[in-house]
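To keep things clear, I will list the structure first and then write my remarks on it.
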Amino acid sequence: MTDSTDLDAEDRKIVTLARSARARNQVAEGAAVRDETGRTYVAGTVALPSLELSALRTAVAMAVASGATSLEAAAVVSAAEAPSDEDRAAVRDLGGPQTPVLLAGPDGALRLRVTAG
């Protein structure tokens, strides 16, 4: 486990936003991404009969739909042990292979920092 205080203020912010989305919407995951201008996009898991998206893929889609051309960082709050390959691929598609992906547990504690690549 990595101490969340190891994060800079902007990364702590997206972890906090992701955690809030998860709790507020009572969904399995919450996520937030920060684009090249510093704007953030926050989402929860989408689980409809006709559409299922992870929180992180939803946040990336929101960024793209809003005109973002790159990502600086991504965060997901989940009980999972690691971000899925599909989630990392979505971040990589917009942000590139070096974009950091932060995984925090439901308590907000940072568990893992990986790159999208």
Side-chain angles (χ1 to χ4, degrees):
M1 185 181 325
T2 306
D3 188 347
S4 293
T5 60
D6 291 343
L7 297 174
D8 67 27
E10 292 300 310
D11 287 347
R12 272 196 309 275
K13 176 183 170 183
I14 63 172
V15 169
T16 299
L17 290 169
R19 186 174 182 219
S20 296
R22 181 180 185 270
R24 179 180 59 251
N25 298 322
Q26 298 180 2
V27 291
E29 296 179 336
V33 298
R34 184 175 62 247
D35 75 7
E36 73 281 1
T37 66
R39 290 178 296 185
T40 56
Y41 305 88
V42 182
T45 306
V46 174
L48 298 172
S50 63
L51 178 64
E52 291 189 31
L53 288 172
S54 71
L56 191 49
R57 281 178 273 164
T58 303
V60 170
M62 291 171 63
V64 170
S66 296
T69 59
S70 183
L71 294 179
E72 291 181 350
V76 62
V77 173
S78 173
E81 295 296 319
S84 72
D85 290 342
E86 295 86 1
D87 282 353
R88 290 177 63 202
V91 172
R92 183 174 55 247
D93 285 348
L94 187 57
Q98 297 306 313
T99 305
V101 179
L102 310 170
L103 173 69
D107 62 355
L110 184 66
R111 287 201 248 154
L112 185 65
R113 181 194 313 245
V114 296
T115 62

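- Between the CG atom of Leu110 and the CG atom of Leu102 there is a distance of 6.0 Å, given to the nearest 0.5 Å.
- Val27 and Met62 fall into different hydrophobic clusters, where Ile, Leu, Val, Met, Phe, Trp and Tyr side chains are chained together by heavy-atom contacts under 4.5 Å.
- Nearest approach of Ala90 to Val60, heavy atoms of both residues: O-CG1, 3.7 Å.
- Linking ILVMFWY side-chain heavy atoms closer than 4.5 Å, directly or via other members, places Val76 and Leu112 in a single hydrophobic cluster.
- Using a distance-only test at 3.5 Å, with no hydrogens or angles considered, a donor-acceptor pair links the side chain of Arg22 to the main chain of Ala28.
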Thr99 vs Arg92, side chain to side chain contact (heavy atoms under 4.5 Å, CB included): CA-CA, chis, key distance, verdict: CA-CA 7 Å; Thr99 305; Arg92 183 174 55 247; over 6 Å; no
Check against side chain to side chain donor-acceptor pair (under 3.5 Å), Ser54 and Glu29: CA-CA 7 Å; Ser54 71; Glu29 296 179 336; 4.6 Å; no
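- Here CG of Leu71 is found 11.0 Å from CZ of Arg39. Values are rounded to the nearest 0.5 Å.
- Grouping the Ile, Leu, Val, Met, Phe, Trp and Tyr side chains by contacts below 4.5 angstrom, directly or via other members, places Leu56 with Leu94.
- In terms of heavy atoms, Ala32 sits closest to Val42 at CB-CG2, 4.1 Å.
- Between atom OG1 of residue Thr69 and atom CG of residue Asp35 there is a gap of 7.5 Å, rounded to the nearest 0.5 Å.
- Here the closest non-hydrogen pair linking Ala43 and Ala21 is O-CB, 3.8 Å.
- Judged by distance alone, the side chain of Arg19 and the main-chain N or O of Pro106 form a donor-acceptor pair under 3.5 Å.
- Side chain of Arg24 to main chain of Gly44: no donor-acceptor pair is present (N/O by atom type, distance under 3.5 Å, no hydrogens or angles).
- Pairing each heavy atom of Asp11 with each of Ala73, the nearest pair is OD1-CB, 3.8 Å.
- Hydrophobic clustering, with ILVMFWY side chains joined whenever heavy atoms are under 4.5 angstrom apart, groups Val64 together with Val101.
- We find the OG1-CD distance between Thr58 and Glu52 to be 11.0 Å, quoted to the nearest 0.5 Å.
- Although no hydrogens or angles enter the test, the distance criterion places a donor-acceptor pair under 3.5 Å between the side chain of Arg34 and the main chain of Glu10.
- When each of Asp85, Asp87, Asp93 is tested with Arg57 by the rule salt bridge (charged side-chain N to carboxylate O under 4.0 Å, His left out), just one qualifies, namely Asp87.
- Between Ser78 and Leu103, the closest heavy-atom pair is CB-CD1, 4.1 Å.
- The two residues Val33 and Ala74 have their closest heavy-atom pair at CG1-CB, 3.8 Å.
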